[in-house]
Amino acid sequence: MQQTESSERFRRKAIQPEEAQQAIVNSVRALGAETVGLYEAWDRHLAEALIAPHPFPPFRRSGMDGYAVRTADLLQAAPGSPVELTVLECLPGGKAPKHSLGPGQASRIMTGGMVPEGADAVVMLEMVAAEERDDLPCVRIGKAVAPGVNISEIGSEIREGERLLPAGRRIGAGESAVLAACGCARVAVTRRPRVAILSTGSELLEVDEPLAPAKIRNSNAPMLAALVRELGAEPILLGKVPDDAEAAGRLVRGALSDCDLLLTSGGVSVGDFDVMVDILAQPDAKLLFNKIAMRPGSPTSAALFGEKLVLALSGNPGACFVGFHLFAVPALHRMLGMDGPTHLEFTACLGEDFPKVNAYRRYIRASTAIRDGQVWVTPTGDDKSSLMTTIVGADCLIEIPPLKEGLKRGHPVKAWNIRR
Ligand SMILES: Nc1nc2c(c(=O)[nH]1)N[C@H]1C(S)=C(S)[C@@H](COP(=O)(O)OP(=O)(O)OC[C@H]3O[C@@H](n4cnc5c(N)ncnc54)[C@H](O)[C@@H]3O)O[C@H]1N2
Ligand code: MOO
Ligand SMILES: [Mg+2]
């Protein structure tokens, strides 16, 4: 019995990281929408595209404090022979003009003011001499100007019907401004994915417990919760469970109805007490993969229980972190309705020698710096998967392909930004 179980544990078919990502993405869907106030929409994701409901600016707008004029009146204007125009009204921001301009007429106008009919340019205050003539205000302009100067035409920034923001777009500063300008006081955003986090391991202590022999504190759960929050999802903390397949199995099944995604850490390798292996081998689980041709996190596994995805990350903190970026992020992007690459990919110079021979592709926690106009990526420390201190300060993952010999400092490498 023990023999058969163990040999099953060893017989695994490794797939490429891209295949695993595709399997993940294919097994989740975009979540439904909810409506929130614009000021609560920051960091959420648009549930539908924003189509401009009207042009912007919605009226012809002055870009300067000055005088709205008819350029045809100023054709002969020169410093020695200024043209004199009668001033009809003053147009501060927010006031619609009462008069359209006829020949020889101008209106004083402020930045953001509505340009009157008939005017086709605004001359800056600094360029004119204003004076009263026969009690009527008038202005003298000593220079011809080109039509259109200092006027933003209707729709010059946004055309009516234009697709301004795609569905799935994360709402930041620019998106908030555009939504406000379009009158979106309430915004349809994708529901936050509920991500349950379960840590397996009989060695795990709560964070507030004192150390005891053979025990360590559960560091993966708070790390995963932070990553989940960074993605705009909601962590559901299930705590820890000892390496007991029945107890862990009950928790896994119990959690599924209340979450969109379940992340577990630990228990995925070939050890006697690697409980996730047993749980994902149950008949009601559809195993997607249990070995990936990469380091760290080669035993990272995933399965579907009905429609719910369980992503079983490695217990080793470094592998757990990398596994989250490679496999949980694509799932969450899909749930949030985002398309496009999950991480910005870039090429950079390797910051130090990488001496190892490498059978698998490696993803190395690293930090990015710009020196002498070049982008450099430097490992944050030893790339052992058991290390968690190398997660601190990691803002990218360097992808190192399988290698027969190491790489020298300065060698170009592919890297992915993991900071949001
Ligand atoms: N004979 C073999 N042993 C191992 C293999 C192998 O192929 N053959 N694979 C190694 C690789 S690669 C990895 S990665 C790990 C995967 O380990 P598991 O996912 O099974 O995780 P555990 O055994 O439960 O724990 C591993 C390590 O991580 C620590 N851990 C677990 N949970 C947490 C937590 N929540 N917070 C902090 N640290 C945690 C745990 O104490 C262990 O030290 O297996 C290798 N072994
Ligand atoms: O796949 Mo494991 O994370 O290298 O030690
Ligand atoms: Mg193990």
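One-based numbering, in listed order, for ligands and for the atoms of each.
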S.K.: Any ion pair linking Arg170 and Asp43 (charged N to carboxylate O, less than 4.0 Å)?
M.R.: yes
S.K.: Can you list the ligand 1 atoms lying under 4.0 Å from a non-hydrogen atom of Asp274?
M.R.: 20 (O), 23 (O)
S.K.: Return the closest protein heavy atom for atom 5 (O) of ligand 2 as residue, atom name and distance.
M.R.: Ser385 OG, 2.5 Å
S.K.: Do Met223 and Met388 come within less than 4.5 Å of each other through their side chains, counting heavy atoms only?
M.R.: no
S.K.: For atom 33 (C) of ligand 1, grab the closest protein heavy atom and report residue, atom and distance to one decimal in Å.
M.R.: Asn220 ND2, 3.2 Å
S.K.: Is the backbone of Arg371 close enough, under 3.5 Å, to the side chain of Gln374 for a donor and an acceptor to pair up by distance?
M.R.: no
S.K.: For atom 4 (O) of ligand 2, grab the closest protein heavy atom and report residue, atom and distance to one decimal in Å.
M.R.: Arg295 CD, 2.5 Å
S.K.: For atom 13 (C) of ligand 1, grab the closest protein heavy atom and report residue, atom and distance to one decimal in Å.
M.R.: Asn316 ND2, 3.7 Å
S.K.: Looking at Phe273, I want to see if its CZ is surrounded by more than 12 non-hydrogen atoms of other residues, nucleotides or ligands under 6.0 Å.
M.R.: no
S.K.: Considering only heavy atoms, does Ile216 approach ligand 1 within less than 4.0 Å through its side chain, its backbone, both, or neither?
M.R.: side chain
S.K.: For ligand 1, find out whether one of its N or O atoms is nearer than 3.5 Å to an N or O atom of Ser269.
M.R.: yes
S.K.: Find all atoms of ligand 1 within a distance of less than 4.0 Å from any non-hydrogen atom belonging to Gly266, and give their numbers and elements.
M.R.: 19 (O), 21 (O), 24 (O)
S.K.: Anything protein N/O/S under 2.8 Å from the Mg ion (ligand 3)? Just list residue and atom, please.
M.R.: Asp274 OD1, Asp274 OD2
S.K.: Within the 3.5 Å criterion, strictly below it, is a donor on Thr35 or Arg186 matched to an acceptor on the partner's side chain?
M.R.: no
S.K.: Closer than 4.0 Å to some heavy atom of Pro296 - which atoms of ligand 2 meet that?
M.R.: 1 (O), 3 (O), 4 (O)
S.K.: Would you confirm whether Glu89, through its side chain, and His99, through its main-chain N or O, come within 3.5 Å as a donor-acceptor pair?
M.R.: yes
S.K.: Going by the order shown, which atoms of ligand 2 are within less than 4.0 Å of some heavy atom of Gly297?
M.R.: 1 (O), 2 (Mo), 3 (O), 4 (O)
S.K.: Is Val268 close to ligand 1, meaning an N/O of one under 3.5 Å from an N/O of the other?
M.R.: yes
S.K.: Counting from 1, what ligand 2 atoms have a heavy atom of Pro299 closer than 4.0 Å?
M.R.: 1 (O)
S.K.: For Cys259, is there any backbone N or O sitting under 3.5 Å from a side-chain donor or acceptor partner on Lys308?
M.R.: yes
S.K.: How about Arg44 and Val36: do any of their side-chain heavy atoms sit closer than 4.5 Å?
M.R.: yes
S.K.: Looking at Ala247, is its backbone amide N or carbonyl O close enough to the side chain of Asp244 to form a donor-acceptor pair, meaning the two atoms are under 3.5 Å apart?
M.R.: yes
S.K.: Check contact between Ser314 and ligand 2, using heavy atoms of the residue and a distance below 4.0 angstrom.
M.R.: no
S.K.: Just to verify, which of Arg194, Arg334, Arg192, Arg191 counts as forming a salt bridge (charged side-chain N to carboxylate O under 4.0 Å, His left out) with Asp260?
M.R.: Arg191
S.K.: Determine whether more than 12 heavy atoms belonging to other residues, nucleotides or ligands lie under 6.0 Å from atom CD of Glu405.
M.R.: no
S.K.: Give a yes or no on whether the backbone of Arg419 and the side-chain of Asn417 come within a donor-acceptor separation of less than 3.5 Å.
M.R.: yes
S.K.: Ignoring hydrogens, just give me the one of Ser219, Ser199, Gly315, Ser265 whose non-hydrogen atom is nearest atom 19 (O) of ligand 1.
M.R.: Gly315
S.K.: So, are Arg361 and Glu399 salt-bridged, with charged N and O less than 4.0 Å apart?
M.R.: yes
S.K.: Strictly under 4.0 Å, does any heavy atom of Pro299 approach an atom of ligand 1?
M.R.: yes
S.K.: Is the His343 ring parallel, tilted or perpendicular to the Trp416 ring (thresholds 30°, 60°)?
M.R.: parallel
S.K.: Between Asp353 and Arg409, is there a side-chain heavy-atom distance shorter than 4.5 Å?
M.R.: yes
S.K.: Atom 21 (O) of ligand 1: which of Ser314, Ser298, Ala221, Gly267 has the nearest heavy atom?
M.R.: Gly267
S.K.: For ligand 2, which atoms, with element, lie under 4.0 Å from some heavy atom of Ser298?
M.R.: 1 (O)
S.K.: So for atom CZ, which belongs to Arg420, do other residues, nucleotides or ligands contribute more than 12 heavy atoms lying within a distance under 6.0 Å?
M.R.: yes
S.K.: Go through ligand 1 atom by atom and flag the ones less than 4.0 Å from a non-hydrogen atom of Asn218.
M.R.: 34 (C), 35 (N), 36 (N)
S.K.: Using heavy atoms and a 4.0 Å limit, tell me yes or no: is Ser386 in contact with ligand 2?
M.R.: no
S.K.: Using a 4.0 Å cut-off to any heavy atom of Asn316, which atoms of ligand 2 qualify?
M.R.: 5 (O)
S.K.: Would you check if the side chain of Asp65 reaches a backbone N or O of Thr111 as a donor-acceptor pair within less than 3.5 Å?
M.R.: yes
S.K.: Give me the residue, atom name and distance of the protein heavy atom closest to atom 41 (O) of ligand 1.
M.R.: Glu203 OE2, 2.6 Å
S.K.: Between Tyr67 and Leu125, is any pair of side-chain heavy atoms under 4.5 Å apart?
M.R.: yes
S.K.: Counting each atom of ligand 2 from 1 as listed, which ones have a heavy atom of Ala319 under 4.0 Å away?
M.R.: 3 (O)
S.K.: Heavy atoms only, cut-off 4.0 Å: how does Val270 contact ligand 1, side chain, backbone, both, or neither?
M.R.: side chain
S.K.: When only distance counts, is Met294 in polar contact with ligand 2, meaning an N/O pair under 3.5 Å?
M.R.: no
